[in-house]
Every structure is written in C-alpha cells, then in structure tokens.
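The structure appears below as structure tokens.
Here the structure is a predicted model, which is why all the values come from computation and not from measurement. Order of the sequence lines sets the chain letters (A, B, ...), proteins ahead of strands, with each chain counted from 1.
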Amino acid sequence: MAETTNSPNNSGERTSRNFLEEIMDNDLQSGRHTSVLTRFPPEPNGYLHIGHAKSITVNFGLALKYGGATNLRFDDTNPVTEETEYVESIRNDVRWLGYTWKDEFYASDYFEQLFGFALKLIRDGLAYVDDSTSEEIAAMKGTPTRPGTDSPYRSRSPQENEDLFRSMRAGEFPDGSRTLRARIDMSSPNMLMRDPIIYRIKHAHHHRTGDQWCIYPTYDFAHGQSDAIENITHSICTLEFMSHRELYNWFIEKLGLFPSRQYEFARLNLSYTIMSKRKLLQLVNEKYVDGWDDPRMPTISGLRRRGYTPKSIREFCSRIGVAKRDNLIDVSLLEFCAREDLNKISQRRMVVFDPVKVVITNWPEGTVEELESENNPEDSNGGNRIVPMSREIFIERDDFMEDAPKKYFRLSPGKSVRLKSAYIITCEDFQKDEHGTITEIHCTYHPDSRSGSDTSGIKAKGTLHWVSASHAVNVEVRDYDRLFRVENPAEEEGDFLDYVNPDSLRVIPVALAEPALLEDARNATDSDDRLHYQFLRKGYYYADLSSTAEKLIFNQTVGLRDTWAKINK
RNA sequence: UGCCCGGUCGUCUAAGGGUAGGACAGCGGUUUUUGGUACCGUACGUGGGGGUUCGAAUCCUCCCCGGGCAACCA
C-alpha cells in the first residue's frame, strides 16, 4: 500500500520518495514498464545478516508498494563456496522476516542457457578462449591508470573458439588452464570492460548441478542474464557493483535480452559490528562466537535467537532509508526499534539477578498471599498473572543502600518502597557479614497498602521488583554487550579480531524468577510459542533455543533505557 | 595518479530555485505502582571559494574530502 507521505499525492504534488521510488514512478509513468519485478539474489555461501535485511526490505518492500513481486534467486555460480545448508537458512530467514517470494530460482537453473549465450558471443566474434595463466591475464589487464594490452589469443577465429569452449565443457582441460573472455576493450577506463573473464574451469561439485559441469560462468556473465531471463525490471544491488553496470548492459545489448536495469544503493553499516560474510565466518570458525546464530551476531538468525522481532527489523530498515552515500548507522536505532515493538507485546515478569534476602518481620509465618499483576500495562486485554508473596522475599542487591544519597529512590534504613503489585515495606534493620556484604534486610509491611487498594497514605518514591523466596525458580540469564569495542571495526588498523569485545557475554547462571515463567515454559508446545518478556526494570528477554522447562535460559534482547544509570555516572 | 560515485545536525534521512524538516542519540521537564512507557520542551547541520538569480542545499565552475574499480569471488 502506498504511503501518502512517500509518493505523489492526488494533486500531483511532489512528496518525499527515495531515489529508487522515483525511478519506479518514472518507469511506470513513461510506460517503460507496466509492472515491477525485483529479485533478492543471495549467494548461498553464508548466513544472511542485517545488511541483507535492508536489501530484502528494499527489494520486497518496493515491489509490494508498486503492486509487483519479487523472486528469490540464489546466485550459485561458484560451487567451491556454496552449500545447501546456506540455501536452507536463507529461505528460512527471508520467510521469517515476513516476505513471500514469487518464484524461487537459481543461477544454476540457467547454466545451459548461459552456455548458449556464450556460444552466441563467440560466433559474433565477441568472446574468445584465452590460454593465458591468471598471472598473465592480470599483467595484461593494466591498472586503473594504465591501459591493458591484448592477449595473444584474442584473435582466434570463432570456429576455433567454439571448438575450444566445447572442449572446456567436455572436461578436456585442467582447472585454470583456459578461460572464456568477452572481447570488449583492453583500454577501457572501466577495468571490468577489459575483456572480462566470463567462464572458468572448475572441476568442482556443485550443490545443485552436481558434476554435470566443469565450467562455470562468472557473476558478471550470470547475473544480468538471469535478471533478463526472469524479466526483472529493477535489479537493485549495492554500490560496489556500480562499475559492473556497464558490463551488465553490454551483455544484455549484445545478446538482445529483456532490458533489465541495474540500480545501486549504499549497503548498511552498523556501528560496533561488522557485515563482512568472510569475517563473520571467521568469528564462527575461530569460536569467538557460538555459531552463525549466536545472539551477538548481526545475522538474522542471531537477532532472531536474541529475541528481535521481524517487525522491529523491518521498522529499522524502513527508518534508515535508502540512498547512495556511505553510512554508519548507530546501533541505538536498531535497539530503539526493538524496544518500541517489544514494549507493546512483551509479557512483564519479575526476575532478580543478584538477590539479597528480605524478611518481612510482621508477615505471619507460613502464609502465602496470591497477588495479581498485569501481564502488560500497554495492553489492556493482556490479563493478569498470579504472583505469590510470602514472609521471605528476594530483591536486587543494588536496590538497597546502607547510606543512600537523597536521589536514591530505593530501599535504605528507615525508608519505604513499593513492592511491585504488592505492598509497601519499610526497612527497619539489616545484617552484614565480616566483609561488609549485606546478608539480610528486615522490613515491615503495611497491610493497608496492598496494590490496587492502598489506603495507607504512605508515599513510596520507588517501586522494586521482587520474588518470593520459597516460590522462586532458578533461571539462567545471558546479557549481551556489543560484539566489538570500537564503533567501526572494519575501519580500524590491523586485525579486526583485536577489537572483539571480551565482555560481550555476561552469564548469570542463577537468577531467581517468579514462578509464572516456569508455567509459561510448560505451556509452550514448541519454540514458536515462546513469549517475549520484559523482566521488570531490567530489559527485554527471550528464551534461548536450548531453553527447556527443566533448564530455563533467557537471552537479553535489549536492556531498558536506564536514566538512573546515566545520572549515577 | 585515470575513470566512476558521493558529501545536509553527533548518526541517518527529507527539502527537485522560494521558511533547511523528521527520526535516533543528547540535554531539560511532566506523568507514572517499572528511574520503563507516554507526553512536552531544548540544543545541534547544507565541506570551501567563485558565479548565475530578486532568491541557491538545489543550477554552473574550480577546489577539498570520502568511497569504489587492477579475484578465474559475489
């Protein structure tokens, strides 16, 4: 659906659109195209990351907006790096993000057609087989400031080239011994037009075509033609492919194909992380993280495991916009989008991370009171849950201070606080061990201050989360910090691994949770039933993949905004 | 150094010759049984020099800065 703020309105007045929307508007208005067909073209050689999410929302989002569709096409022209495992994860991630593709294709579907295209170029005198080594080819290529020189094989006859090319396909030559090159212009200012290699010999097993082929087309000879075969109207890619556009158009023109056009936008860079698939792979292989889906990874699967919602990721991608200038998006925007969504949907629960015992001295021994607490104050239909209260409870260690400054709204001797959804308590006394560590706090509660029917008239500045000692459930909590210590690891000197944050994971092996959390876990029949939580005054949490009712494990999605921590600094 | 892109608050992104606006981050406040949320307020920007014009972020020009291009990767 078209947003009024983002497309020409009824009066024809110009409103804000990004440059791709302008192009599509123009193409539709001029009649160049009557509909929009985009494609998302991942190479199955790694897991998708948040940068791909941007590309996905650009491609699928634009098509949706203009009533078109999007194909999912795997760019699988390099058998040595590509695997079925990656294909599966990519399909899963795109679906999870909420998008449905029209057709699923593989560049390898077109290998036979591509071979035919190559033959046509050969017969038209526009391609030749080169016997030069890769070093020789590189040397003859020239440099950006110096033109290249013609290969001695450049003037072979079409017949000889065709025979040789067919022999290449037949497996008569070893890897690297020959290539097929487009015959363009060795002195072009665009290096890519200096007779680019379009086929290479690789006796390698392909994840889909098996051992059917021993020659494989390069990206340049596969991508544009695949677009054209599918009648892709707008082939949207990242900036580094800009100089490939001239070649892209050359093949389409010489081959007389559907006039797909390539447009480039700036890829996403996110502060305190990296987007390079190669480097992400390294983090996985060298065990800096737990796997592609480690919650610290900027991968879609990592974000999912961490508790990000598809909606929050889509919102993020929409907020960052699409343009052509290099960018480094502040990760706080991603976190904002997570909180924005999670605040509305998450179930509130109380979990004490670093417990200290509080004895309520005037609470009758052995009595339990079942209090009710709202599941979500942002959702009036969210219902309530039972929270049991008894004589001994736990509160957070840093919610008590022996000598508190005046701005401290929590518990200290003689002061009163509200226990969330329960009673107001007043601190009467406390005990310390020989190290000065608080071991026990003694309070009295005010029976007429019960939540919802408070007639006590006592004003408590602060409200604390708490759990009943005898009802507490042990859970493991994993808090995360940024994966890298520096804002832009890719730009730093030296090895990026030197900038990995050694404290990116903080495990709290035993935190004490209210019993409702266990109840929830028992009710979840599979992982899709898992709830997003807000642990009160802590942050947003989501059960880890490995979490079970026997062993509850929660990943921190993102912390709550903490203005107190800021003031405290 | 040749060719190709790009340069607007700290970070992103609008403004297509006519009031430089929005978001995140920051700062200050109000409300609050989460020091959360919500709401209000506030500060901050057109890389530089020339030119065209009544008027320039926008058009021209020179300069400066950043990025890309010399894989049989994509």
Side-chain angles (χ1 to χ4, degrees), chain A residues 5 14-18 22 41-43 45 75-78 80-82 130 133-134 137-139 141-148 175-181 188-192 194 196-202 216 218-220 222-223 237-246 264 266 271 277-278 319-337 339-340 343-344 348 350 373-374 377-378 407-410 417-422 424 449 451-452 454 460-465 487 534-539 559-568:
Chain A
T5 54
R14 184 185 299 284
T15 52
S16 167
R17 312 113 95 199
N18 66 49
E22 288 178 23
E43 183 189 11
N45 68 345
D75 229 332
D76 56 351
T77 57
N78 186 4
V80 307
T81 56
E82 297 154 5
D130 196 325
T133 64
S134 109
I137 289 176
K141 199 123 197 172
T143 70
T145 55
R146 219 177 292 280
D175 285 6
S177 60
R178 279 172 229 259
T179 56
L180 183 70
R181 300 177 70 181
S188 170
N190 183 348
M191 296 290 291
L192 279 153
R194 321 242 265 225
I197 288 165
I198 60 178
Y199 264 94
R200 61 300 210 201
I201 302 172
K202 280 178 191 281
Y216 292 93
T218 56
Y219 165 84
D220 286 303
H223 200 96
C237 61
T238 47
L239 252 31
E240 67 267 28
F241 290 98
M242 206 145 39
S243 50
H244 292 248
R245 190 173 61 229
E246 191 180 357
E264 311 88 11
S271 63
K277 273 200 269 185
R278 199 201 95 239
R319 281 175 181 258
I320 59 178
V322 187
K324 301 186 75 151
R325 54 184 97 88
D326 291 330
N327 60 77
L328 179 61
I329 308 287
D330 195 324
V331 70
S332 66
L333 180 60
L334 213 211
E335 295 175 342
F336 169 83
C337 292
R339 290 190 190 104
E340 185 185 42
N343 175 50
K344 295 199 186 82
R348 314 294 135 130
M350 295 194 284
S373 189
E374 73 237 325
E378 304 294 319
K407 299 272 274 188
Y408 188 81
F409 302 156
R410 283 112 98 145
V417 292
R418 157 79 59 189
L419 293 178
K420 174 68 184 176
S421 300
I424 291 174
S449 68
S451 184
D454 183 357
K461 263 298 224 178
T463 300
L464 308 185
H465 62 283
E487 195 173 37
Q534 183 196 106
F535 291 171
L536 241 58
R537 303 207 300 137
K538 287 293 186 180
L560 253 26
R561 266 186 68 215
D562 190 350
T563 45
W564 170 244
K566 242 179 254 172
I567 294 164
N568 233 0

Over how many whole Å does the gap from [X] atom [atom1] to [N] atom [atom2] extend?
| X | N | atom1 | atom2 | result |
| --- | --- | --- | --- | --- |
| Tyr216(A) | C73(B) | OH | C1' | 15 Å |
| Glu335(A) | A25(B) | CD | P | 9 Å |
| Ile197(A) | C72(B) | CD1 | P | 4 Å |
| Asp220(A) | C69(B) | CG | P | 13 Å |
| His244(A) | A70(B) | NE2 | P | 7 Å |

Whole-angstrom distance between [N] and [M], as gauged at atom [atom1]:
| N | M | atom1 | answer |
| --- | --- | --- | --- |
| C60(B) | C9(B) | C1' | 28 Å |
| G10(B) | G45(B) | C1' | 10 Å |
| A43(B) | U37(B) | P | 23 Å |
| C63(B) | A14(B) | P | 29 Å |
| G35(B) | G18(B) | P | 49 Å |
| C3(B) | C59(B) | C1' | 25 Å |
| U8(B) | A56(B) | C1' | 14 Å |
| G7(B) | U13(B) | P | 9 Å |

Sequence neighbours excluded, which residues qualify as side-chain contact (heavy atoms from CB on, under 4.5 Å) partners of [X]?
| X | answer |
| --- | --- |
| Ala422(A) | Leu371(A), Met389(A), Leu419(A), Trp466(A) |
| Lys277(A) | Glu43(A), Asn45(A), His49(A), His52(A) |
| Phe409(A) | Lys461(A) |

Could you check whether any side-chain N or O of [X] sits under 3.5 Å from a backbone N or O of [Y], counting only pairs where one atom can act as donor and the other as acceptor?
| X | Y | result |
| --- | --- | --- |
| Arg319(A) | Leu334(A) | no |
| Asn18(A) | Gly321(A) | no |
| Arg194(A) | Thr143(A) | yes |
| Thr238(A) | Glu240(A) | no |
| Ser271(A) | Val331(A) | yes |

Next item on the list: Identify the two heavy atoms, one from Ile424(A) and one from Ser449(A), that lie closest to each other, and give their separation to 0.1 Å.
Entry: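 In this case the closest contact between Ile424(A) and Ser449(A) is N-OG, 2.8 Å.
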
Next item on the list: Heavy atoms only: give me the nearest His465(A)-Leu536(A) pair and the separation to one decimal.
Entry: ND1-O, 3.6 Å

Next item on the list: State whether Arg561(A) and Glu335(A) are salt-bridged, where the test is any N-O pair (Lys NZ or Arg NE/NH1/NH2 against Asp/Glu carboxylate O) under 4.0 Å.
Entry: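 No, no charged N to carboxylate O under 4.0 Å.
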
Note to self: Quick check on RNA chain B: between Ala266(A) and His223(A), whose nearest nucleotide comes earlier from the 5' end?
What the structure shows: Ala266(A)

Notebook entry, point to check: Do Arg200(A) and Asn78(A) have side-chain heavy atoms sitting under 4.5 Å apart?
Noted result: yes

Notebook entry, point to check: Asp220(A) versus His244(A): any side-chain heavy-atom pair under 4.5 Å?
Noted result: yes

Next item on the list: Identify whether any heavy atom of Phe241(A) sits under 4.0 Å from a base atom; if not, whether one sits that close to sugar-phosphate; answer base, sugar-phosphate or nothing.
Entry: base

Next item on the list: Indicate, with a heavy-atom threshold strictly under 4.0 Å, whether His465(A) touches base, sugar-phosphate, or nothing.
Entry: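 No contact.
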
Next item on the list: Starting at the 5' end of nucleotides 32-43 of chain B, put B wherever the base has a protein heavy atom under 4.0 Å, S where only the sugar-phosphate does, and a dash everywhere else.
Entry: -BBBBS------

Notebook entry, point to check: Can you give one letter per nucleotide of nucleotides 1-11 of chain B, 5' to 3': B if a protein heavy atom sits under 4.0 Å from the base, S if only from the sugar-phosphate, - if neither?
Noted result: BBS-SSSB--S

Margin query: Does a side-chain N or O of Thr77(A) approach OP1 or OP2 of A74(B) to a distance below 4.0 Å, or not?
Written below: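 Looking at the OP1 and OP2 atoms of A74(B), one of them is under 4.0 Å from a side-chain N or O of Thr77(A).
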
Check: So, is A71(B) syn or anti if syn means the angle is within 90° of 0?
Finding: syn

Notebook entry, point to check: In dot-bracket, 5' to 3', how would RNA chain B read with Watson-Crick or G-U wobble pairs under 3.5 Å, [ ] for crossing ones and | for pairs to another strand?
Noted result: .((((((..((((....[..)))).(((((.......)))))....(((((..]....))))))))))).....

